Number of protein chains: 2
Amino acid sequence: METVGTVVGALPRPGLRERKKQRTRDALVRAALELIATHGYERTTVDDIAEAVDVSQRTFFRYFASKEEVALFAPRLAESHVIDAVRARPPDEVPLEALRRAVLDSWDDINAAVEQLVPLELHMRVYRVIESTPALLAAHLRRAAELEEELARIIAERERLDVDADPRPRILLAAFGGVIRVTERLWSAGDDLGVDAMRDLMATYLDQLGPALAGNWRAG
Amino acid sequence: METVGTVVGALPRPGLRERKKQRTRDALVRAALELIATHGYERTTVDDIAEAVDVSQRTFFRYFASKEEVALFAPRLAESHVIDAVRARPPDEVPLEALRRAVLDSWDDINAAVEQLVPLELHMRVYRVIESTPALLAAHLRRAAELEEELARIIAERERLDVDADPRPRILLAAFGGVIRVTERLWSAGDDLGVDAMRDLMATYLDQLGPALAGNWRAG
DNA sequence: TGTCAACTGTCAGTGGCTGACATTAGCCTC
DNA sequence: GAGGCTAATGTCAGCCACTGACAGTTGACA
């Protein structure tokens, strides 16, 4: 997308123009999240956000395709980390275990990346807004579905399977993704916020996947 | 919501006013689905739909909270059938089996209910539009999440568990719902449309849930 | 038949989002 | 380092989903 101009390297410090763009983008995200966390999603207008950063509304829409996109900026950051983590898993691991460890192990990286943008505390407040705002939750779930598809392909490749021929990768991801979302929701609904609490919850719940599907709960 | 006026019964034929309302609602749904299937969701405006039924746009919004709501009318019809079917399952069935049979067995009822409103063929065309339209898919997924929560509560009750204490009902539904959605998506993407094809696909995929979670795929 | 309540239409307005066009401001070359 | 190129921005006009307020119409029911 973005050409560098000098070398293919990538490291050389970008020009003033590029730095300005980055600053504007960051400022928009920060202002948006702050406003959304404070006043709620629907009561925050795009004009509010643009004004807070002192740019025109039109400029906002040149950085983000929609108001939803800014609000979901942090969750998107997390996704790319998970994808990388899954790709980095040793190939001898069993699929479910690879997913499980990828998510749990990349947790710290994710939080560090988020914190670089906004304070974690603000991020968590936004998260609650996401879960409680229908339009936002819908967009979040749709993105989650896309991520599942992506991960299913990665898992299929790991196992040298054809995603379209063998249903197991997609089914596994459907189940796995479902559990992740359940934990997200419960975490955001509870009082015990804090990122470690969420990781623990995920670990616990993932371990319950087998038992939940198992035949007789009453016997167990 | 709607009071009957005469008896609590419900059977007595509703008055003219009520019948007129029902006719308008049906006409709006039918016109909307027809237009959406033909021209796509985004290129169908609410004004188009209202005009096709010869009512004002304002009236449309008195019947439906949003344009999405009309488009997703049929899927909603299906949901209530599934809920009833799960409730009707014998209590000695294991949870996963109860869900599985409820969905598969209520299939014919669902299709009959849908057909009473619009031809199945039209319904299937709309379904493809839903899957391929981001905004609609998002709304659909959000509703699916709500349905999962509802069913999780029902299953918990069956098993005499506290949903908030035991994670298994929600986890089970997350996995189950995930598989259902995978089949919906694959079905809508393929060429072999037809409602029976979808039920068969669901049955097959649900059977793959265990194997997908099982340890080593390569061992077979 | 007249009164009440529900249903509908009209109108005005908000907010998300887009295309078109003019202006500004980095960048790069000579 | 002046000038041309191009990317980034602002302004403006407009579409569409959706809502509140008010007025007119039409079933319901005594």
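Reckoned from all heavy atoms, side chains included, excluding hydrogens, waters and symmetry mates. Because the structure is a prediction, the values reported are computed rather than measured.
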Can you tell me how far [atom2] of [N] sits from [atom1] of [X], to the nearest Å?
{"X": "B:R43", "N": "C:dT18", "atom1": "CZ", "atom2": "P", "value": "16 Å"}
{"X": "B:L28", "N": "C:dG9", "atom1": "CG", "atom2": "P", "value": "10 Å"}
{"X": "B:R23", "N": "D:dG27", "atom1": "CZ", "atom2": "P", "value": "10 Å"}
{"X": "B:R17", "N": "C:dC4", "atom1": "CZ", "atom2": "P", "value": "15 Å"}
{"X": "B:R19", "N": "C:dC7", "atom1": "CZ", "atom2": "C1'", "value": "16 Å"}
{"X": "A:Y63", "N": "C:dC17", "atom1": "OH", "atom2": "C1'", "value": "18 Å"}

Query raised in the report: Out of B:Y41, B:F73, B:W187, which residue meets the ring pair (Phe, Tyr, Trp, His ring centres under 6.0 Å) rule with B:Y127?
Result: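 Answer after filtering B:Y41, B:F73, B:W187: B:W187.
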**Report entry** Close approaches to DNA chain C from residues 130-145 of chain B, in residue order (heavy atom, under 4.0 Å)
**Finding:**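 Per residue number, the list is empty: none.
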Report task. Identify which nucleotide among D:dG10, C:dA6, D:dA8 has an atom closest to any side-chain atom of A:K21, counting heavy atoms from C-beta outward. Result -> D:dA8
Using a cut-off of 6.0 Å, state whether more than 12 heavy atoms not belonging to [X] lie near its atom [atom1].
{"X": "A:E157", "atom1": "CD", "value": "no"}
{"X": "B:E51", "atom1": "CD", "value": "no"}
{"X": "A:D162", "atom1": "CG", "value": "yes"}

Minimum heavy-atom distance [X]-[Y], with the two atoms named:
{"X": "A:G190", "Y": "A:R128", "result": "O-NH2, 3.2 Å"}
{"X": "A:L120", "Y": "A:E115", "result": "N-OE2, 3.5 Å"}
{"X": "B:E149", "Y": "B:R170", "result": "OE1-NE, 2.8 Å"}

Report task. Scan side-chain atoms only and decide if A:D48 and A:T45 contain a donor-acceptor pair under the 3.5 Å cut-off. Result -> yes
Query raised in the report: Using a cut-off of 4.0 Å on non-hydrogen atoms, how would the nucleic acid contact of B:S56 be classed: base, sugar-phosphate, or nothing?
Result: base
Report summary line: Quick tally for nucleotides 13-24 of chain D: nucleotides whose base has a protein heavy atom under 4.0 Å get B, sugar-phosphate-only ones S, the rest -, giving ---SSBBBB---
Requested in this report: On the 0 to 90° scale, with breaks at 30° and 60°, tag the B:F64-B:F60 ring pair as parallel, tilted or perpendicular.
Outcome: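 Correct class here is tilted.
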